[in-house]
Amino acid sequence: MRTNQNSLRAIVLTGLFAAIIYIGIWVLRIPIPAMVGRPFIHFGNTLTAVAILTLGLRNGMLAGIIGLGSFDILNGYAATSWLTMLEVVIVALVISGLFKAFNYQDSRRNIIILAIGAGVTKIFTSYCTSIVEALMAGTVFKVALVASFFSLPATVINSISTAICTPLLYFFLKRILQAVTKR
């Protein structure tokens with residue numbers, strides 16, 4: 001999938017991943033109270049990480065941008081959807097950079113490290129996003145820093161979920177894709 005990003009199979013899988021990411025957020029969404037924004041627990045980040053690992057930087061990032069971005073736009077988060085899309089770009093660059101550093105060897109150890117890296121990156125980007133959201137709402141910068149910090153529980157839970165579920169889903173999906181392509 002990584003070598004031929006413009007093949008029909010790659011384009012179809014990109015769209016499929018975008019739809020699965022959207023549904024993964026829409027179906028399981030557990031709101032958590034926060035001082036900034038309206039965070040919730042979901043599997044969109046995990047599915048985006050799997051898409052990036054499976055499809056490569058460009059198509060995986062597109063699937064994440066389309067899936068997470070369209071969810072935000074269609075479900076009351078349109079004003080900050082651009083921040084979500086920017087977060088996907090940053091997470092995709094980190095995952096792809098680490099994967100390249102591992103010479104694209106998808107051993108269990110490497111994929112676990114990539115998943116943890118994705119989770120940690122998401123915590124950082126969500127903190128920065130919360131600061132921007134608070135500033136957009138007219139909050140003073142120092143207050144935005146503190147309020148954003150106290151709004152991180154949902155992100156931490158999502159990041160732990162990403163670190164645990166990404167390797168499981170990636171290797172499961174890898175087996176399925178190998179079985180399908182052998183036919």
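This one's a predicted model, so the numbers in the text were calculated from it and none came from an experiment.
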*Between Ile73 and Met85, is any pair of side-chain heavy atoms under 4.5 Å apart?*
yes
*Decide if atom CZ of Arg29 counts as having more than 12 heavy atoms of other residues, nucleotides or ligands within a radius under 6.0 Å.*
yes
*Is it the case that one hydrophobic cluster holds both Val27 and Val50, taking links as side-chain heavy atoms less than 4.5 Å apart, direct or via other members?*
yes
Contacts under 3.5 angstrom, residues 14-24 side chains, donor-acceptor by atom type, not counting sequence neighbours:
residue: Thr14; atom: OG1; partner: Ala10; partner atom: O; Å: 2.7
residue: Thr14; atom: OG1; partner: Asn59; partner atom: ND2; Å: 3.4
residue: Tyr22; atom: OH; partner: Asn75; partner atom: ND2; Å: 3.3

*Look at the side-chain heavy atoms of Ile, Leu, Val, Met, Phe, Trp and Tyr, link any pair under 4.5 Å apart, and say whether Phe124 and Leu98 land in one connected group.*
no
*Decide whether Leu93 and Ile116 are clustered together by the hydrophobic rule: side chain heavy atoms of Ile, Leu, Val, Met, Phe, Trp, Tyr closer than 4.5 Å, transitively.*
no
*asked:* Could you report the tightest heavy-atom contact between Ala118 and Ile95, atom names first, then the distance?
replied: CB-CD1, 3.6 Å
*asked:* I want to check something: taking the side chain as every heavy atom from C-beta on, are Ile111 and Leu53 in contact at a cut-off of under 4.5 Å?
replied: yes
_Criterion side chain to side chain contact (heavy atoms under 4.5 Å, CB included) on Ile113 and Phe102, from CA distance to verdict_ = CA-CA 10 Å; Ile113 291 170; Phe102 292 143; 3.7 Å; yes
Donor-acceptor pairs under 3.5 angstrom involving side-chain atoms of residues 61-72: please list them, not counting sequence neighbours.
residue: Ser70; atom: OG; partner: Ile66; partner atom: O; Å: 2.5
residue: Ser70; atom: OG; partner: Gly67; partner atom: O; Å: 3.3
residue: Asp72; atom: OD2; partner: Thr84; partner atom: OG1; Å: 2.4

_Once rounded to the nearest 0.5 Å, what's the spacing between atom CZ of Phe99 and atom CG of Leu57?_
12.0 Å
*Under the 3.5 angstrom rule, does the side chain of Ser130 hit a backbone N or O of Ser148 as a donor-acceptor pair?*
no
_Gap separating the CG atom of Leu47 from the NE2 atom of His42, nearest 0.5 angstrom_ = 10.0 Å
*Are Phe149 and Phe141 co-members of a hydrophobic cluster defined by side-chain heavy atoms under 4.5 Å apart?*
yes
*Could you check if a side-chain atom of Ile52 sits within less than 4.5 angstrom of a side-chain atom of Ser96, using non-hydrogen atoms only?*
yes
*Where is the tightest heavy-atom contact between Ala144 and Thr139, given as atom of each residue plus distance?*
N-CG2, 3.6 Å
*Search all heavy atoms of Ile123 against all heavy atoms of Ser159 and return the closest pair with its distance.*
CG1-OG, 3.2 Å
Could you list the donor-acceptor pairs under 3.5 angstrom formed between side-chain atoms of residues 166-174 and any protein atom two or more places apart in sequence or on another chain?
residue: Thr166; atom: OG1; partner: Thr162; partner atom: O; Å: 2.7
residue: Tyr170; atom: OH; partner: Asp106; partner atom: OD2; Å: 2.7
residue: Lys174; atom: NZ; partner: Asp106; partner atom: OD1; Å: 3.2
residue: Lys174; atom: NZ; partner: Asp106; partner atom: OD2; Å: 2.7

*Tracing side-chain links under 4.5 Å among I, L, V, M, F, W and Y, which residues wind up in one group with Val140?*
Val143
*Which is it for Thr48 and Val88 under the side chain to side chain contact (heavy atoms under 4.5 Å, CB included) test, yes or no, and what are the steps along the way?*
CA-CA 8 Å; Thr48 299; Val88 171; 4.2 Å; yes
*With the 4.5 Å side-chain cut-off for hydrophobic clustering, are Ile160 and Val120 part of the same group?*
no
*asked:* Could you report the tightest heavy-atom contact between Leu55 and Gly60, atom names first, then the distance?
replied: CB-N, 3.7 Å
_Taking side chain to side chain donor-acceptor pair (under 3.5 Å) as the cut-off, I'd like each qualifying pair that reaches into residues 114-128, sequence neighbours left out, listed once._
Glu87-Lys122, Glu87-Thr125, Glu87-Ser126
*Kindly write out the residues that satisfy side chain to side chain contact (heavy atoms under 4.5 Å, CB included) with Val132, not counting sequence neighbours, or none if the list is empty.*
Trp82, Leu83, Met136
